[in-house]
S.K.: 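Below: one structure in structure tokens.
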Amino acid sequence: MNVDILIHARWIIPVEPASVTYENHTLVIDDGRIIDLLPEELVSSKYQGRTVERMDKHALIPGLINSHTHAAMSLMRGIADDIPLMDWLQHHIWPLEQQWMGKAFVRDGTDLAIAEMIRSGTTCFNDMYFFPEIAAQQAIQHGIRASIGLILIDFPSAWADNSDHYLEKGLALYDEFRHEPLISMPFAPHAPYTVSDGPLQKVRTLADELDIPVHMHVHETRLEVEDEQKKTGKHPIQRLHELGLINPSLIAVHMTQLTDEEIALFAGAGAHIVHCPESNLKLASGFCPVAKCLNAGINVALGTDGAASNNDLDMFSEMRTAALLGKAVAEDASAVPAATALRMATLNGAKALGLDSETGSLEIGKAADVVAIDLSQLETQPLYCPVSQIVYAAGREHVTDVWVNGKRLLKQQQLTTLSVTDLTMRINEWQVRLAKG
Ligand SMILES: [Zn+2]
């Protein structure tokens, strides 16, 4: 049988089944999908590839899924560091956004983020930002899979005037993009403290009708929880629960400051958590008790958050930080092992985004979202366990090739759908504008 691509690899880590690493196997890709995964010696009698790749020093993993980011904010990388969350938002980020954020800002910022993510082995990102139609267009143009949040916030912005306007524009976009194979569109109400009950009730009803996820920052800081407690006598999670939002559609981001009852509530409801350890550490927001959540049976995914609060979109360092911090918080070296960190960065992300029939593991029938990592460099020698090496020793600089839906977006470390020269020029112009304040 003639097929589009054969990738012979030294190691293939499919993530599902768990704890399996195939050696000297071949991934068979046709029409954008994985159609077989078999020992290399059996390939020639079954398949002829129009393209044949030999990855003798590489491990193939499923494309990494960045389950929470604000792509366009990469234009504000490093502009205001070392400041607590509310001060950072109110006195730095929001004023800059008020002045500069628009279609061109979102286009160029999203392009920068997409370039960085592809080079880091990320094949799918879950975005929350203004002008979601621009982010969706850029993702399609550059070939990356994206879950583009239909943002909702009580404040007016350059994109919409009030909560009804946000929802109306969001629903129109949902219709416009619903047949795009790389794009999905969850609702993205910003946070309990920035979206009031009325609009949240509408989101709940619409999300149920359309059967799409709800992506939201929840319990990011102790201050958020204390303020809500003062205002309403409840924790934000209790308020969301009363609004019917703690359910299998919820993608709750951050989730520091959790009681055991709240963990049990999430586990029972089948709601998802996205852990963003580096953003939480940098903003001193607190710690998500990841090991407790995983042990309770909650699906926990990983995200970088925006580049203004991280300051990179590097899922390799996020995996490592999640594993290390998870152990420290649990006071248990066996908590969040390497294979779990990799699963959180792939299949758990796909589950949270409702995309696990499409991506998140190297299984027959799924889209060919694949990353090749060169494990022959000194930094990853000697090599006893590829998964351990990927999580604890390798970095994004070891990613050589990336495919999304069978299309190669990174070829021997060169981007195929973006021009670095053109992008650098555009970013330099933004740097001059934003530096003026
Ligand atoms: Zn965020």
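These figures come from a predicted structure and were not determined experimentally.
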S.K.: Identify, with sequence neighbours excluded, every residue that meets ring pair (Phe, Tyr, Trp, His ring centres under 6.0 Å) alongside Trp88.
M.R.: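 If we apply the ring pair (Phe, Tyr, Trp, His ring centres under 6.0 Å) test to Trp88, skipping adjacent residues, there are no hits.
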
S.K.: Please list all pairs meeting side chain to side chain donor-acceptor pair (under 3.5 Å) that have one or both residues in residues 405-415, counting only residues at least two apart or in different chains.
M.R.: Glu53-Arg408, Arg145-Asn405, Asp401-Arg408

S.K.: Identify, with sequence neighbours excluded, every residue that meets side chain to side chain donor-acceptor pair (under 3.5 Å) alongside Arg33.
M.R.: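 Arg33 satisfies side chain to side chain donor-acceptor pair (under 3.5 Å) with Glu358 once adjacent residues are dropped.
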
S.K.: Taking the inter-plane angle between the rings of Tyr22 and His25 on a 0 to 90° scale, is it parallel (under 30°), tilted (30 to 60°) or perpendicular (over 60°)?
M.R.: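 Answer is parallel, since the angle falls under 30°.
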
S.K.: Is the ring centre of His254 less than 6.0 Å from the ring centre of His219?
M.R.: no

S.K.: Could you list the residues that satisfy side chain to side chain donor-acceptor pair (under 3.5 Å) with Lys202, not counting sequence neighbours?
M.R.: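 Testing Lys202 for side chain to side chain donor-acceptor pair (under 3.5 Å), a comparison that skips the adjacent residues, returns Asp164.
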
S.K.: Residues in side-chain contact (heavy atoms from CB on, under 4.5 Å) with Thr256, at least two apart?
M.R.: Asn280

S.K.: Provide the full list of salt bridge (charged side-chain N to carboxylate O under 4.0 Å, His left out) pairs with a residue in residues 311-326, sequence neighbours left out, each pair given once.
M.R.: Asp314-Arg396

S.K.: Could you list the residues that satisfy side chain to side chain donor-acceptor pair (under 3.5 Å) with His241, not counting sequence neighbours?
M.R.: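 Once residues adjacent in sequence are excluded, His241 has no partner under the side chain to side chain donor-acceptor pair (under 3.5 Å) criterion.
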
S.K.: State which residues pass side chain to side chain donor-acceptor pair (under 3.5 Å) with Gln201; sequence neighbours excluded, sorted by chain then number.
M.R.: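 Applying side chain to side chain donor-acceptor pair (under 3.5 Å) to Gln201 gives none.
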
S.K.: Partners of Ala368 by side-chain contact (heavy atoms from CB on, under 4.5 Å), sequence neighbours excluded?
M.R.: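 Per chain and number, Ala368 pairs via side-chain contact (heavy atoms from CB on, under 4.5 Å) with Ile29, Ile34, Val370.
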
S.K.: Determine all donor-acceptor pairs shorter than 3.5 Å in which one atom belongs to a side chain in residues 14-21; sequence neighbours excluded.
M.R.:
residue : atom : partner : partner atom : Å
Glu16   : OE1  : Arg343  : NH1          : 3.4
Glu16   : OE1  : Arg343  : NH2          : 2.7

S.K.: Salt bridge (Lys or Arg N to Asp or Glu O under 4.0 Å) with Glu133: which residues, sequence neighbours excluded?
M.R.: none

S.K.: Sort and list the pairs that fulfil side chain to side chain donor-acceptor pair (under 3.5 Å) and have at least one residue in residues 166-184, not counting sequence neighbours.
M.R.: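 For residues 166-184, and leaving out neighbouring residues, the side chain to side chain donor-acceptor pair (under 3.5 Å) pairs sorted by first residue read Ser157-Tyr166.
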
